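Have a look at the structure below, then the notes.
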Amino acid sequence: MPGIESHAPSDFIRTRIEHDIETNKNNGSVVTRFPPEPNGYLHIGHAKSICLNFGIAREYKGRCNLRFDDTNPSKEDVEYVNSIQADVTWLGFDWGDGLHYASDYFEQLYQYAVQLITDGNAYVCSLSEEDMKSYRGTLTEPGKDSPYRNRPAQENIDLFGRMRAGEFKAGAHVLRAKIDMASCNMNLRDPILYRIRHAAHHRTGSRWCIYPMYDFTHCLSDAIEGVTHSICTLEFENNRPLYDWVLDRLPVACHPQQIEFARLNLTYTIMSKRKLGKLVEQGHVTGWDDPRMPTLSGLRRRGYTPGSIRNFCDRIGVAKRNSVVDMALLEFSLREELNQRAPRVMGVLRPLRVVIENYPENKTEELDALNNPEDPDMGTRKVPFSRVLYIEQEDFCEDPPKKFFRLAPGREVRLRYAYYITCQQVVKDTRTGEVIELHCTYDPDSRGGSSPDGRKVKSTLHWVSAPHSLTVEVRLYDHLFLKPVPDDDADGASFLDFLNPQSLETLTSGRVEPGLAGAVPGSLFQFERLGYFCVDLKDSSDNHLVFNRTVTLKDTWAKIQAKQAQ
Ligand code: ATP
Ligand code: MG
């Protein structure tokens with residue numbers, strides 16, 4: 001078809017949209033939206049919805065709005081509005097001039113409500129909250145009509161106007177749709193459309209004291225904006241008949257097609273703004289952007305790149321059935337990108353001092369090191385070598401077990417880009433017995449780490465020069481939760497009971513090569529043999545470098561796949 005990029009339909013949503021384009025529904029146009037409620041920071045689940053909505057608009061040459069569904073004055077805040085915009089932009093998407101707020105439609109929504117009342121489709125109900133609940137019935141029993149259901153339209157209009165004017169206390173009256181109290185879909189049992197809330201709103205101030213409910217607002221906001229495809233998560237499937245009921249009774253220009261897909265769940269974390277907010281409030285994390293959080297701001301601070309998150313979202317695709325995606329897949333998507341582009345450096349997390357006895361004091365050599373073996377274009381750098389070095393404590397073992405090939409008494413290993421060294425003597429703290437220093441010799445003929453006479457060593461270690469290296473703080477992260485699916489459970493346990501008490505380990509005496517002086521916050525490196533690390537966006541400074549371990553080098557995803565293939 002002219003004007004449509006030809007590509008194979010890749011999921012049921014795109015198939016549906018392509019069908020609508022082909023049949024010229026909505027004149028063949030595609031308008032989507034991402035509609036967050038500004039009551040918290042966005043998480044990786046939202047990224048799935050953002051990639052889907054903005055991605056579809058891009059693919060079909062349509063547009064995608066960013067609309068804040070801001071109908072609940074007490075839970076929302078401009079802090080969230082600003083962070084959401086920053087996160088969507090960071091992910092690489094642009095709403096152009098399509099920035100909207102449901103609160104901008106409050107007057108229009110009020111007029112729509114009046115119209116429903118006039119047409120006999122809505123009424124003011126004055127039942128108490130308790131009575132309303134008991135009248136509602138249950139999943140197995142029909143509800144009962146409210147005694148106010150047949151109030152004359154004029155009385156309803158009068159009351160509704162006085163609700164708006166602030167004459168009543170919260171809870172005195174609500175506006176309800178007049179649908180069917182016996183419907184097997186509970187959403188259709190005369191749902192509330194408006195309630196009284198004497199609360200200031202972050203955008204409309206104290207202009208309103210009645211607020212439209214989410215369901216009423218959401219479908220009409222979509223219609224007002226001319227959204228053709230209203231893509232949402234599965235839990236809204238049972239709300240669709242209500243949305244259609246509202247849209248069929250009002251003179252809207254466009255009746256959006258709702259399409260539901262399964263929300264993203266990830267192992268070892270949670271995906272609910274309410275619960276994430278609790279972690280922040282109760283101090284289990286340092287904030288919404290704590291690098292352990294599945295929020296976009298947390299992932300960004302952890303070192304995740306927008307590209308890796310977009311690739312992850314492409315990879316998981318969309319489905320109609322809820323499932324839990326392995327966190328290892330998200331990590332895999334990041335590693336894949338960082339392997340290509342992160343410069344390699346050497347850093348030692350837990351330093352063990354090594355003195356090269358036969359290396360001259362006061363001598364320094366500048367050795368060549370590759371910046372990225374995956375990409376020769378990234379060139380080389382100089383790394384200083386001297387008589388006193390640091391290696392990783394765990395790369396030495398005084399009494400090595402069979403499969404330990406790293407440094408041990410009398411054993412020779414290669415120092416990456418440097419020399420072969422042999423451990424001659426182990427120095428211990430006389431009080432604690434702890435190994436505090438190794439005395440080694442080096443082979444001057446092995447410069448650059450090449451074998452002098454064809455003799456082989458079984459391992460290559462990373463290292464830094466003690467006098468040249470920089471002391472840094474390193475933060476090692478583990479899963480926030482111990483349980484793969486940390487939901488509240490039937491035995492009364494809360495998700496908070498599954499928090500991993502060891503999700504953060506802070507090391508204060510890490511050492512990195514001197515080239516990292518002045519490393520820019522947010523920049524990413526591979527510490528050879530250890531993983532990918534990024535300079536913390538908040539706490540790092542030139543005087544005190546702080547590195548977050550973004551992800552280790554261990555590809556657990558490959559293992560999971562191999563297991564599944566068996
Ligand atoms: P939360 O429970 O985290 O508050 P929500 O659905 O209430 O989530 P909204 O601000 O209403 O949050 O979400 C904005 C959009 O993001 C909605 O269209 C919603 O369907 C979608 N979304 C939210 N969570 C997920 C998820 N885990 N996977 C995919 N899409 C999601
Ligand atoms: Mg919500």
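Counting begins at 1 with the first residue of the sequence. We count ligands from 1, going down the list as the structure has it; atoms in each ligand are counted the same way. These figures come from a predicted structure and were not determined experimentally.
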In terms of atom number and element, which parts of ligand 1 are under 4.0 angstrom from non-hydrogen atoms of [X]?
X: Pro36; result: 10 (O), 14 (C)
X: Ser49; result: 16 (O), 21 (C), 30 (N)
X: Glu37; result: 9 (P), 10 (O)
X: His46; result: 3 (O), 8 (O), 9 (P), 10 (O), 12 (O), 13 (O), 14 (C), 16 (O), 22 (N), 23 (C)
X: Met271; result: 3 (O), 27 (N)
X: Pro35; result: 14 (C), 18 (O)

Does an N or O from [X], backbone or side chain, lie closer than 3.5 Å to an N or O of ligand 1?
X: Thr233; value: yes
X: Lys48; value: no
X: Gly45; value: yes
X: Phe34; value: no
X: Glu235; value: no

For the pair Glu76 and Arg203, find out whether any cationic side-chain nitrogen is under 4.0 Å from an anionic carboxylate oxygen.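 Judged by the 4.0 Å cut-off on N to carboxylate O distance, Glu76 and Arg203 do not form a salt bridge.
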Using 4.0 Å as the upper bound for N to carboxylate O, is an ion pair formed by Arg335 and Glu331?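 Yes, charged N to carboxylate O under 4.0 Å.
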Other residues, nucleotides and ligands only: do more than 12 of their heavy atoms fall within 6.0 Å of NZ on Lys483?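 Enclosed: over 12 neighbouring heavy atoms sit under 6.0 Å from NZ of Lys483.
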For Gln502, does the CD atom sit with more than 12 other heavy atoms under 6.0 Å from it, leaving out its own atoms?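 Open.
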Any idea which part of Arg274 is under 4.0 Å from ligand 1, heavy-atom wise: side chain, backbone, both or neither?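 No part of Arg274 comes within reach of ligand 1.
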Do Glu235 and Thr233 pair up side chain to side chain, a donor and an acceptor below 3.5 Å, judged on atom types alone?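 Distance-only check passes for Glu235 and Thr233.
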Side chains of Ile44 and Leu299 in contact at under 4.5 Å (non-hydrogen atoms):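 SC-SC contact between Ile44 and Leu299 confirmed.
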Please check: side-chain N/O of Asn121 versus main-chain N/O of Lys178, any donor-acceptor pairing under 3.5 Å?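 Flag not set: sc Asn121 to bb Lys178 has no pair under 3.5 Å.
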Apply salt bridge (Lys or Arg N to Asp or Glu O under 4.0 Å) to residues Glu18 and Arg14 and explain how you reach the verdict. CA-CA 6 Å; Glu18 288 179 16; Arg14 288 171 169 90; over 6 Å; no
contact_flag His43 ligand 1 heavy-atom lt 4.0 Å: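 It does; at least one heavy atom falls under 4.0 Å.
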In terms of relative ring orientation, are Tyr101 and Phe68 parallel, tilted or perpendicular, with 30° and 60° separating the classes?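 Plane angle under 30°, so parallel.
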